[in-house]
J.: 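Quick one: structure below, then a few questions.
All values below were derived from every heavy atom in this structure, side-chain atoms included, with hydrogens, water molecules and symmetry-related copies excluded. Just so we're on the same page: letters track the sequence lines, and every chain starts at 1. None of these values were measured; they are calculated from a predicted model.
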Amino acid sequence: MASVLDVARIKKDFPILSRTVRGGHPLVYLDSAATSQKPECVLDAERTFYETSNAAVHRGAHQLAEEATQAYEDARAAIAGFVGGAPEDLVFTKNATEGINLVSYAFSNATAESAWGGAPDPRFILAPGDTILVTEMEHHANLIPWQQVCARTGASLRWIPLTEDGRLDLTNLASLIDSTTKIVSVVHQSNILGTINPVRQIMDAAHSVGALGLVDACQSVPHMPVNVDDLGADFITWSGHKMLGPTGIGLLWGRTEALNGMSPFLSGGSMIESVYMDHSTFAAAPSRFEAGVPMVAQSVGLARAVAYLDDLGMDAVHAHETELTAYALSALEQVPGVQIIGPANNVDRGSAISFTVDGIHPHDVGQILDSEGVAVRVGHHCAWPTCRHFGVPATTRISTYIYNDSSDIDIAIEAISTAQRYFGTRV
Amino acid sequence: MASVLDVARIKKDFPILSRTVRGGHPLVYLDSAATSQKPECVLDAERTFYETSNAAVHRGAHQLAEEATQAYEDARAAIAGFVGGAPEDLVFTKNATEGINLVSYAFSNATAESAWGGAPDPRFILAPGDTILVTEMEHHANLIPWQQVCARTGASLRWIPLTEDGRLDLTNLASLIDSTTKIVSVVHQSNILGTINPVRQIMDAAHSVGALGLVDACQSVPHMPVNVDDLGADFITWSGHKMLGPTGIGLLWGRTEALNGMSPFLSGGSMIESVYMDHSTFAAAPSRFEAGVPMVAQSVGLARAVAYLDDLGMDAVHAHETELTAYALSALEQVPGVQIIGPANNVDRGSAISFTVDGIHPHDVGQILDSEGVAVRVGHHCAWPTCRHFGVPATTRISTYIYNDSSDIDIAIEAISTAQRYFGTRV
Amino acid sequence: MSVDALYQEIILDHYKHPRGKGLLGDSLAESFQVNPTCGDEVTVQVAGSAADVLIGYEGQGCSISQASASVMSEMLNGASVATMKEKRDAFIELMHAKGLGEPDEEILEDGVAFAGVAKYPARVKCALLPWMALQDAAIKAGLITEEKS
Amino acid sequence: MSVDALYQEIILDHYKHPRGKGLLGDSLAESFQVNPTCGDEVTVQVAGSAADVLIGYEGQGCSISQASASVMSEMLNGASVATMKEKRDAFIELMHAKGLGEPDEEILEDGVAFAGVAKYPARVKCALLPWMALQDAAIKAGLITEEKS
Ligand SMILES: Cc1ncc(COP(=O)(O)O)c(C=O)c1O
Ligand SMILES: Cc1ncc(COP(=O)(O)O)c(C=O)c1O
């Protein structure tokens, strides 16, 4: 298969891809939906920062502090620009999970403050009868925080159900989103099913009743062009480690006035305006949400990662993945006993493909693949309710990225057959 | 001055210390209380992790995931061991600020949950009349989270006042800690004054009334031997970036039963036991408090940092700093017009020294020092109420670490005189 | 193949032909355990007496967790509490030996086949799942007292 | 010294001998601004009319923030709102020029001395502090309308 990307050249940028595993098998990394590998230039950028400009940001009057602050704010601008946003609307978090929690706590904090004489933005105050809407294909990161908000405020959780082929069943959307709805929080691209959801339509429905909208873009920003204006959301979260960046950094983008309507989340240094022993006032976003010494080196690494992706071109990245997904889907279909969990066609679909193999537990499938050098993920993929919906305890998932090509898929397919022979389910 | 540490050799391990600033001045880094520099071995450890074992932890069945998980848990054990704790009692956070917020939210979350039919651990439920005790020398990170808890629960904040020489005034401790006290949260070593507080006495007083106790050990763990049992606290927080580690990682140690008494803070993947659409159950600590993909590479880097410190020996590190602080205090005393803010003697005192220079604003002092290559911090050091107590808008602060020696102090002292001549306050 | 050490014949045989699988009509106590990372589930019941422990189980999951339940049931059905503890300790020790354990076949019987599992940290949890359920059920039943696990 | 570009004679002179410092007896509006990173404070008052703006100020802080307030007051006292806006825009532009700005002395008068401040990002905030207070007070007084800053 020819690709729009020069995968052979790209592979060379990732030192880890030249290692071997399990007694000499070349590594075939098909677990990028969990976390991506990092190109050398990202590691270099981080290291250079530490070796030349490391200092606490926004604090010192010395040259290192100036340089570190500049590097941090330049990174913010670059990463915001990558999704068409403004720097002042981008908050650095430790991962996407923190970003979603940050927004969820804006609700429970405002609710509590209003009970004790505070005057928070009323959009964030919840009461019994109010509802929060998610879907049945959320990652735990976009489900449990909302369950917890309900447990802290008396609000109720609703969810959009799934169809049999792993799409959102929007038939009853009009009754799921009504005057009780305060926030709608939806995954853009499912990490377990690969489904790409019509988030614009759902965000517009949320706004039509005055609710806020959040999009979990963990699996979309790394894989396709994403523009914050096009999504139509109030908040978008994603993580750096899935898009060639370092571990320990995530992103929350918000519309300026939505961000500034939220009460602080983590509090401490750098997020303040004035501090007295008995009360404090707070800075505007993004500082308001960045208490303490932040992930400075990681922001520099991530900025280098988005430059790398920009050089490839996100259109090309997306085209490459769409091609590879088509290739993988049709190869999997030809293996007897393999059932795809999620959309089997390549329409509105990302590159994560979950499947089961008749008669072999997903864990055992994954283990045989591993023994052949193929790294995949097995389990419920932090989307346990989605597994329950499909009546499977777990799945095996392959997920590709810019450094994968069809030969990686071929090796995985061959390893599935090996597993079937090993467990005697195929001759 | 001879030192217990071989500072000349140590300096060589820190690539940044050989750079020059402001047109050729060798860098004299005296801002380690803000963040420390990183030795090459820490950068190497992080990079090697990315180049050989990078994967999402606790998730995959493949070899990289196994290696990454092992590296992450080995790091936890090493860092816990550094303070005499058990691995299962150590939670990784993004910085110390998150650690303190995590504990503070245990209170407001339990309070909210109990209002809606939950049954959280009663030690964390607050009501009007309940009090929280801090001190007047807290970093904002250990003040504002508690102000916010009060704003969310109706509880009240109390604080231990300061004496004129920058110590805690414990005269009225018995009336500040009483049956209304639910938690006492105190800084071990002040980042602005340098004071080392008698935290054991304060924790014991907290426990005598059944309150919980937290120690903010940000400035002590990097600089002296700290043993969690000796401190007598229920919770201890500190950050990695101040002890030679990467940015983006912090620590919360807690007594097992105190940790497991807390409601979850950030929720999402990896902190669960079972998940359904309408409810979830949670893992025990430390997993309960580590939602999402964590700071894996940073944990590896930080583990290398503690090994580096262990090689030097924390007793030697402390002895070195005590010596250097004595040297700096007496050198500063000899500069006319310099006023030390904080303990002027070297008893129960760490290496952060704040001062003012008559007739020159701290910002301008810092700027002249910077122009001579000396990096210090100016401002309120995230302890604004402490500045107010001393009637100063800001201070200039020098803070040393293992890579500083008396010649660094000499250069700083000379630069202060230069500032005085420049601004015409001294001839 | 490199996984042969993991998937010993004995393990695959217990997986395909589980011994003593099924719940007891009546039991002293039971425990349901899941592996939260992969969703493997097992329920273990205990009945009988300290001199003669009866074990029932049900579950779904990977070859390792299910074979481990089968081996456990075969090994412990009708054993005394003292024997149960001895074998449990030996099995747990083997699982934590990182593949370097030298199991005693007298004690562990078919359990010796799990020596290779200990080389795969992600699978150790699978192998231990039924044993954790047994431990919990036995405590609930009052057959053993709470101990550090 | 390398800081000579920052600490121009003019700046040090305004710092040591502030012009027009003090609050007005009566004002249309005032604004109190702090720099949260260093605690510098300034209060700016506006009075008079659109044709003839009067400015009072008080503050404490570093040489740059205090000299900036003095220069601003000297430059703008008695000016029209149109002139005030022109000079404000020119000053803000200079501060964001990273030290590469070529200020027009006709417009900025003593303000030209701040060209070197723009090379020190941490000090730009100091220099802008009184101007932000002026902006805010003038809006409150209805002399100018809310604009993107
Ligand atoms: C005493 C003290 N507490 C808390 C903090 C906050 O640490 P971090 O910024 O790493 O969260 C600091 C450092 O800034 C500190 O010195
Ligand atoms: C769809 C989705 N949402 C949220 C997350 C959580 O991201 P993180 O672990 O970086 O917080 C992930 C990845 O694990 C994901 O795939």
Side-chain angles (χ1 to χ4, degrees), chain A residues 15-16 21-22 31 34-35 37-38 43 47 50-52 54 56 59-64 94-95 97-98 101 112-113 116 118 140-141 144-145 147-148 151-152 154 159 241 247-248 266-269 272 275-277 280 291-293 295-298 363 366-367 370 375 377-378 382 384-385, chain B residues 15-16 19 21-22 31 34-35 37-38 43 47 50-51 54 56 59-64 94-95 97-98 101 112-113 116 118 140-141 144-145 147-148 151-152 154 159 241 247-248 266-269 272 275-277 280 291-293 295-298 363 366-367 370 375 377-378 382 384-385:
Chain A
I16 201 172
V21 289
R22 300 294 182 213
D31 196 17
T35 200
Q37 296 304 339
K38 327 298 177 197
L43 306 181
R47 188 175 185 119
Y50 281 128
E51 289 185 350
T52 60
N54 176 63
R59 295 187 170 199
H62 54 82
Q63 186 175 345
L64 296 189
K94 70 174 176 179
N95 53 23
T97 302
E98 186 194 341
N101 277 272
E113 286 157 27
W116 294 102
H140 295 163
I144 308 178
Q147 292 177 343
Q148 296 287 94
R152 293 193 291 260
W159 53 91
H241 66 88
T247 56
L266 300 177
S267 55
I272 57 104
V275 181
Y276 300 83
M277 281 313 291
S280 301
V293 170
M295 299 63 67
V296 194
Q298 291 76 23
H363 237 187
Q367 194 79 55
D370 171 55
R377 192 166 159 208
V378 298
C382 297
W384 207 335
Chain B
I16 201 171
R19 77 164 274 185
V21 290
R22 301 292 183 214
D31 196 17
T35 200
Q37 296 303 339
K38 327 298 176 198
L43 305 181
R47 188 174 185 122
Y50 281 128
E51 290 185 349
N54 176 62
R59 295 189 170 195
H62 54 81
Q63 186 175 345
L64 296 188
K94 70 174 177 181
N95 53 24
T97 302
E98 186 195 342
N101 276 270
E113 286 157 27
W116 294 101
H140 295 164
I144 308 178
Q147 292 178 345
Q148 296 287 94
R152 293 194 291 261
W159 53 90
H241 67 89
T247 56
L266 300 177
S267 55
I272 55 104
V275 182
Y276 300 82
M277 281 311 293
S280 302
V293 170
M295 299 65 65
V296 194
Q298 290 76 26
H363 237 190
Q367 195 79 57
D370 171 55
R377 191 161 162 213
V378 298
C382 297
W384 208 336

J.: If you look at every heavy atom in B:I144 and A:S280, which pair is closest and at what distance?
T.: CG1-OG, 3.8 Å
J.: Between A:C382 and B:G269, which heavy-atom pair has the shortest distance, and what is it?
T.: SG-CA, 3.9 Å
J.: Heavy-atom distance under 4.5 Å to chain A: side chain of B:L64, backbone, both or neither?
T.: side chain
J.: Considering all heavy atoms of both residues, which atom of A:H62 and which atom of B:D370 are nearest to each other, and what is their separation?
T.: CA-OD1, 3.4 Å
J.: So, does B:N101 use its side chain to make a donor-acceptor pair with the main chain of A:L266 at under 3.5 Å?
T.: no
J.: Which answer fits B:Q148, side chain, backbone, both or neither, if we ask what part of it has an atom under 4.5 Å from a heavy atom of chain A?
T.: side chain
J.: Just by modelled atom types, is the B:P15 backbone N or O under 3.5 Å from a matching donor or acceptor in the A:E51 side chain?
T.: no
J.: For the pair B:R19 (side chain) and A:T52 (backbone), establish whether a donor and an acceptor sit closer than 3.5 Å, ignoring hydrogens and angles.
T.: yes
J.: If every non-hydrogen atom of A:Q63 is compared with every non-hydrogen atom of B:R22, which pair is closest and at what distance?
T.: OE1-N, 2.6 Å
J.: Would A:N54 and B:Q37 count as a side chain to side chain donor-acceptor pair (under 3.5 Å) if you check the C-alpha gap in whole Å, the side-chain angles of each, and the deciding distance to 0.1 Å?
T.: CA-CA 7 Å; A:N54 176 63; B:Q37 296 303 339; 2.9 Å; yes
J.: Measure from the side-chain N and O atoms of A:N95 to the backbone N and O of B:M295, and report whether any donor-acceptor pair falls under 3.5 Å.
T.: no
J.: Just to verify, what does A:H363 make a ring pair (Phe, Tyr, Trp, His ring centres under 6.0 Å) with, not counting sequence neighbours?
T.: none
J.: Might you point out which heavy atoms bring A:V378 and B:A61 nearest each other, and give the distance in Å?
T.: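 The answer is CG2-CB, 3.9 Å.
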J.: Is there a donor-acceptor pair closer than 3.5 Å between any side-chain N or O of B:Q298 and the backbone N or O of A:T247?
T.: yes
J.: Under 3.5 Å, is there a donor-acceptor pair between the side chain of B:Q147 and the main chain of A:Y276?
T.: yes
J.: Determine the minimum heavy-atom distance between B:T97 and A:A291, stating which atoms define it.
T.: CG2-CB, 3.6 Å
J.: If you count heavy-atom pairs under 4.5 Å with chain B, which of A:P145, A:A297, A:A34 comes out on top?
T.: A:P145
